[in-house]
Number of protein chains: 2
Amino acid sequence: MASLDWLPAAIRERSRVRELDAGEALFRQTDRAVAIFEVERGRLRLIRNTVAGHPVVLHTARPGELLAEAALFASAYRCDAIAATAACVRAYPKRELLAVFRGDPALAERFMAVLAHQIHSLRARLEERNIRSARERVLHHIALHAGADGRTMPVEGTLTDVAAEIGLTPEALYRTLAELQKEGIVRRTPSGITLKKRATT
Amino acid sequence: MASLDWLPAAIRERSRVRELDAGEALFRQTDRAVAIFEVERGRLRLIRNTVAGHPVVLHTARPGELLAEAALFASAYRCDAIAATAACVRAYPKRELLAVFRGDPALAERFMAVLAHQIHSLRARLEERNIRSARERVLHHIALHAGADGRTMPVEGTLTDVAAEIGLTPEALYRTLAELQKEGIVRRTPSGITLKKRATT
């Protein structure tokens with residue numbers, strides 16, 4: 001969703017791929033902001049170094065995610081971006097992106113829409129974390145991410161990825177799903193997890 | 001931060017204030033999207049009604065927050081917005097906002113910057129929720145929100161608001177702060193909470 005593959009070919013062609021080793025820095029706090037990035041492979045940690053000497057992890061960026069969008073509107077990066085694993089990112093030169101948006105309001109609107117949808121999705125994830133019961137959180141997540149039938153959440157990747165997104169340990173997720181299956185509330189299929197009936201949560 | 005008070009006076013003047021009683025709907029899922037909103041007072045819940053009959057709370061919007069930004073780029077609202085308390089919102093007509101952004105790239109950029117900063121802040125809050133220990137989560141939050149001195153987090157509103165933002169119960173927050181004070185790691189002042197030394201978390 002956050003992908004920039006709708007950008008004009010001229011901009012896509014000017015983007016550059018960068019490979020990083022685990023531990024390597026993509027940029028450092030106070031470096032001049034020259035690009036925004038799309039993660040193609042691996043994970044990057046965004047870390048702010050505070051005066052008090054507490055490094056603060058702001059975000060862990062994963063494949064398909066944009067990184068440093070706010071740098072489009074700032075002169076310098078506000079944090080370090082460090083590869084947590086071997087990683088590959090695509091860099092879009094900031095100056096050219098801004099020029100495209102200034103010259104083509106439809107493209108600017110498209111970018112705004114990407115940002116607005118991302119806000120929507122992040123808020124929903126944060127709201128989900130306010131649900132303290134693992135059982136209710138899992139049911140909430142399935143309902144929220146149900147596809148066309150309104151009941152089935154496709155599972156791409158592993159359940160470990162799902163657990164990370166919900167903010168549960170993989171063990172807690174497995175246990176909760178097993179209970180819900182046993183009670184006939186959800187069903188596992190090769191493609192996903194289906195809500196079978198209205199759960200009394 | 002999410003406020004739209006930088007918009008041209010002509011647009012601000014065309015915005016309209018709407019008062020809602022607790023339980024009243026601001027808009028309903030599938031209603032035609034005609035405006036985006038800024039919450040001035042009270043709280044609104046954004047709720048998606050799923051086919052499986054599970055209503056899903058997507059977000060609780062609080063004073064100072066924008067609401068339904070994604071509706072700028074969609075023809076219909078994707079959820080219900082229901083006042084959780086008596087509330088007051090300011091409505092910005094969508095058509096006029098989009099016309100302003102199309103006609104003035106600098107304003108469009110300003111709006112993008114608002115969205116991008118909000119993504120940044122939501123990601124940081126989500127990352128914080130991944131910290132399981134209350135103690136580490138509190139220290140992380142203070143370091144992340146430290147003001148000019150890099151050590152002191154200003155406390156606006158009550159500690160209950162802080163607890164909600166961190167995702168702890170007020171009791172857990174009070175207890176954790178009391179422990180950290182006793183150990184000399186943080187100090188409470190009338191204006192905020194100061195990190196006194198590097199905590200060994």
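In what follows, chains carry the letters A, B, and so on, assigned in the order in which the sequence lines appear, proteins first and then strands, with residues in each chain numbered from 1.
For the set A:Ile119, A:Leu115, A:Val57, the count of heavy-atom pairs under 4.5 angstrom toward chain B peaks at A:Ile119. The greatest number of non-hydrogen atom pairs below 4.5 Å with chain B, out of A:Glu128, A:Glu69, A:Arg110, A:Met112, is found for A:Met112. By number of non-hydrogen pairs under 4.5 angstrom with chain A, the leading residue of B:Ala106, B:Ala113, B:Pro105 is B:Ala113. Between chain A and the options B:Ala164, B:Ala70, B:Ala71, heavy-atom pairs under 4.5 Å are most frequent for B:Ala70.
Contact check for A:Glu109 versus B:Leu72: no side-chain heavy atoms found under the 4.5 Å cut-off. Taking the side chain as every heavy atom from C-beta outward, B:Arg123 and A:Leu58 never approach each other to under 4.5 Å.
Remark: the backbone N or O of B:Thr60 is paired with a side-chain donor or acceptor of A:Glu127 at under 3.5 angstrom. Using modelled atom types, no side-chain atom of B:His59 and backbone atom of A:Leu126 make a donor-acceptor pair closer than 3.5 Å.
When every heavy atom of B:Phe73 is checked against every heavy atom of A:Ala116, the shortest pair comes out as CE1-CB, 3.9 Å.
Below 4.5 Å, heavy atoms of chain A meet heavy atoms from B:Leu98, B:Phe101, B:Arg102, all part of residues 93-103 of chain B.
Heavy atoms closer than 4.5 Å to chain A are found in both the backbone and the side chain of B:Thr169. Only the side chain of B:Arg48 has a heavy atom closer than 4.5 Å to any heavy atom of chain A. Of the atoms belonging to A:Leu168, it is backbone heavy atoms, and not side-chain ones, that fall under 4.5 Å from chain B. With a threshold of 4.5 angstrom between heavy atoms, A:His120 approaches chain B through side-chain atoms but not through N, CA, C or O. Heavy-atom distances place no part of B:Ala146 under 4.5 Å from chain A, backbone and side chain included. Looking at B:Arg132, the atoms closer than 4.5 Å to chain A (heavy atoms on both sides) all sit in the side chain, from C-beta outward.
B:Arg45 CZ: 12 or fewer foreign heavy atoms inside a 6.0 Å radius. Dense packing is recorded around CZ of B:Arg12, with more than 12 heavy atoms of other residues, nucleotides or ligands lying under 6.0 Å away.
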Cut-off 3.5 Å, no hydrogens considered: what does the side-chain donor-acceptor table look like for residues 74-88 of chain A, sequence neighbours left out?
unit_1: A:Tyr77; atom_1: OH; unit_2: A:Val34; atom_2: N; d: 3.2
unit_1: A:Tyr77; atom_1: OH; unit_2: A:Ala35; atom_2: N; d: 3.1
unit_1: A:Tyr77; atom_1: OH; unit_2: A:Ala35; atom_2: O; d: 2.9
unit_1: A:Asp80; atom_1: OD1; unit_2: A:Gln29; atom_2: N; d: 2.7
unit_1: A:Asp80; atom_1: OD2; unit_2: A:Arg28; atom_2: NH1; d: 3.2
unit_1: A:Asp80; atom_1: OD2; unit_2: A:Asn49; atom_2: ND2; d: 3.1
unit_1: A:Thr85; atom_1: OG1; unit_2: A:Arg43; atom_2: N; d: 3.0

>> Applying side chain to side chain contact (heavy atoms under 4.5 Å, CB included) to A:Asn130 and B:Arg129, what does each step give before you reach the verdict?
In response: CA-CA 9 Å; A:Asn130 290 333; B:Arg129 299 293 180 92; 2.8 Å; yes
